[in-house]
> 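Sending over a structure as structure tokens; questions will come in a sec.
Just so we're on the same page: letters track the sequence lines, and every chain starts at 1.
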Number of protein chains: 2
Amino acid sequence: MQPFDVLNPACPSRTVLRHLTDRWTPLVVGVLAAGPARFGELRDQVGGVTAKVLTQTLRSMERDGLVVRRALATMPPRVDYELTALGRTLVEPLDALRGWAEQHAGEVLEARSSYDEATL
Amino acid sequence: MQPFDVLNPACPSRTVLRHLTDRWTPLVVGVLAAGPARFGELRDQVGGVTAKVLTQTLRSMERDGLVVRRALATMPPRVDYELTALGRTLVEPLDALRGWAEQHAGEVLEARSSYDEATL
DNA sequence: GAAACCGAGTACCTCAAGGTAACCGAAAGA
DNA sequence: TCTTTCGGTTACCTTGAGGTACTCGGTTTC
């Protein structure tokens with residue numbers, strides 16, 4: 001019934017999944033979930049991202065239909081980014097993952113240190 | 001209240017999230033969600049993964065406390081992998097993401113082609 | 001005696017994501 | 001006149017994830 005299967009390496013859903021799980025997409029979606037934001041706001045809120053990579057990430061998300069870009073020809077320029085309807089359906093699953101990372105980071109850190117201790 | 005924040009680049013949850021979203025972890029979790037599996041079964045079901053990289057992925061997941069490895073000293077050797085309790089809490093969020101990719105792959109593909117067409 | 005089986009380990013290589021630094025244009029403020 | 005602002009672009013470089021190919025250890029099967 002479902003034509004797409006991520007376990008099949010040739011399936012397009014595989015590359016879609018890789019896109020969703022790249023370095024910055026989950027964080028950008030998380031910030032935009034609160035509402036539209038300017039380029040500079042995104043750069044400031046997503047800690048550690050450079051302007052170049054943020055641009056690349058946003059372009060890729062725009063191409064995938066997750067985000068709309070609205071550029072105002074004012075000076076200095078102002079550019080707003082907003083999630084599309086499709087992008088908004090991603091908020092819940094990505095938020096769940098972000099939440100998991102934050103909730104269970106402590107346990108993972110513990111597991112790592114006992115593993116490292118055991119394999120000295 | 002929550003000490004971890006993925007938007008902070010220095011926060012450990014950031015690296016935890018990156019681990020969860022690496023190339024093979026979501027797929028391995030998806031397969032192991034159905035129950036324990038042998039190394040060879042995993043290699044066969046997760047299309048496109050090589051033995052070396054599967055080993056690396058499983059070691060990393062074991063270190064993070066997501067998976068247990070049970071090696072039987074039979075000949076030829078038999079090694080079973082199983083999700084831990086912590087790993088099982090990952091099934092739902094990662095499955096949601098996999099499901100999203102499979103459900104919306106078509107829309108993403110469409111968005112890409114109209115974007116590419118518009119920017120000729 | 002040779003080959004297959006299973007779950008690896010190791011050396012080597014490739015390639016693309018991501019980072020750094022410099023620059024841009026037009027307007028407004030000092 | 002000089003700098004700052006904003007949202008980029010470009011050239012260049014680094015790095016590490018991941019891929020290829022080869023090896024191994026015993027035991028069973030042919």
Side-chain angles (χ1 to χ4, degrees), chain A residues 6-7 9-10 14-29 31-32 36-64 67-82 115 119, chain B residues 6-10 14-29 31-32 36-64 66-82 115 119:
Chain A
V6 289
L7 292 181
R14 178 74 72 92
T15 73
V16 169
L17 182 59
R18 286 205 73 186
H19 244 174
L20 303 183
T21 58
D22 78 356
R23 179 155 195 183
W24 302 107
T25 299
L27 304 180
V28 168
V29 169
V31 171
L32 289 183
R38 302 185 57 176
F39 182 85
E41 292 170 349
L42 283 169
R43 192 190 46 218
D44 293 343
Q45 289 195 50
V46 178
V49 73
T50 63
K52 176 200 156 194
V53 173
L54 181 57
T55 300
Q56 285 178 352
T57 303
L58 288 167
R59 285 281 181 285
S60 161
M61 295 174 68
E62 194 191 359
R63 186 167 103 99
D64 285 355
V67 140
V68 257
R69 176 179 189 270
R70 241 175 261 107
L72 307 184
T74 59
M75 210 40 81
R78 172 192 177 101
V79 183
D80 289 297
Y81 290 92
E82 188 176 4
Y115 182 94
T119 53
Chain B
V6 290
L7 291 182
N8 175 0
R14 177 73 71 94
T15 73
V16 170
L17 181 60
R18 285 205 72 183
H19 245 175
L20 304 183
T21 58
D22 77 358
R23 178 154 195 183
W24 303 108
T25 298
L27 305 180
V28 169
V29 170
V31 171
L32 289 183
R38 301 185 57 175
F39 182 85
E41 292 171 348
L42 283 170
R43 194 191 44 220
D44 293 344
Q45 289 196 49
V46 178
V49 73
T50 64
K52 177 200 156 194
V53 173
L54 181 57
T55 300
Q56 285 178 354
T57 303
L58 288 167
R59 285 281 181 286
S60 161
M61 293 174 68
E62 193 191 359
R63 186 166 103 100
D64 286 355
L66 303 178
V67 140
V68 257
R69 176 180 191 271
R70 242 176 261 107
L72 307 182
T74 59
M75 210 40 81
R78 173 191 175 100
V79 182
D80 289 299
Y81 290 92
E82 188 177 4
Y115 182 93
T119 52

> Do any N or O atoms from the side chain of B:R14 and from the backbone of A:G47 form a donor-acceptor pair under 3.5 angstrom?
yes
> Using a cut-off of 4.0 Å on non-hydrogen atoms, how would the nucleic acid contact of B:R59 be classed: base, sugar-phosphate, or nothing?
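Answer is sugar-phosphate: B:R59 comes under 4.0 Å of backbone atoms only.
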> Can you find an N or O donor on one side and an acceptor on the other, under 3.5 Å apart, linking the side chain of B:K52 with the base of C:dG9?
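Per atom types, no contact qualifies.
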> Take atom CG of B:D80 and atom P of C:dG7, then tell me their distance rounded to the nearest Å.
8 Å
> Would you compute the distance between atom CZ of A:R43 and atom NZ of A:K52 and round it to the nearest 0.5 angstrom?
15.5 Å
> Got a donor-acceptor contact below 3.5 angstrom from the B:T25 side chain to the B:T21 backbone?
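Pair absent, no side-chain N/O of B:T25 close to backbone of B:T21.
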> Taking OH from A:Y81 and P from D:dG7, how many angstroms apart are they, rounded to a whole number?
9 Å
> Between B:R23 and A:A51, which is nearer to the 5' end of DNA chain D once each is assigned its nearest nucleotide?
A:A51
> I want to verify a distance call: between C:dG9, C:dG18, D:dG25, whose nearest atom is closest to the B:P77 side chain?
D:dG25
> Any idea which of C:dG7, D:dC6, D:dG8 is nearest the B:F39 side chain?
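The closest nucleotide is C:dG7.
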> Assign B:R43 to base, sugar-phosphate, or nothing according to its heavy-atom contacts below 4.0 angstrom with the strands shown.
nothing
> Are the side chain of B:D64 and the backbone of B:L66 linked by a donor-acceptor contact shorter than 3.5 Å?
no
> Need to verify one output field. Residue with the more 5' nearest nucleotide on DNA chain C, B:G40 or A:T50?
B:G40
> In whole angstroms, how far is the C1' atom of D:dT9 from the CG atom of A:L58?
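My rounded result for the distance is 15 Å.
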> Using a heavy-atom cut-off of under 4.0 Å over every strand shown, decide if A:R69 touches base, sugar-phosphate, or nothing.
sugar-phosphate
> Between C:dG7, D:dG8, D:dG26, which nucleotide has the shortest distance from any of its atoms to the side chain of B:M75?
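Side chain of B:M75 sits closest to D:dG26.
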> May I ask you to evaluate whether A:R78 reaches the phosphate of D:dG7, defined as a side-chain N or O under 4.0 Å from OP1 or OP2?
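The answer is no; no side-chain N or O of A:R78 sits under 4.0 Å from OP1 or OP2.
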> Roughly how many Å is it from CG in B:D22 to C1' in C:dG18, rounded to a whole number?
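The distance from CG of B:D22 to C1' of C:dG18 comes to 17 Å, rounded to the nearest Å.
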> Looking at the side chain of B:R38, which of C:dC6, C:dA8, D:dG7 is the nearest nucleotide?
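Per side-chain heavy atoms of B:R38, the pick is C:dC6.
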> Nearest 0.5 Å, please: how far is CG in B:L54 from CZ in B:F39?
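Atom-to-atom, B:F39:CZ and B:L54:CG are 4.5 Å apart.
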> Rounded off to whole Å, could you give me the CE-to-C1' distance for the A:M61 and C:dA17 pair?
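Result: 17 Å.
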> Send over the distance from B:E41 CD to C:dC6 P, rounded to a whole Å.
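Interatomic distance, CD of B:E41 to P of C:dC6: 10 Å.
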> Expressed as a whole number of angstroms, how long is the span from B:L42:CG to C:dG7:P?
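For the pair B:L42 CG and C:dG7 P, the rounded distance is 9 Å.
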> Separation of B:L54 atom CG from C:dG9 atom C1', in whole Å?
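Atom-to-atom, B:L54 to C:dG9, this comes out as 14 Å.
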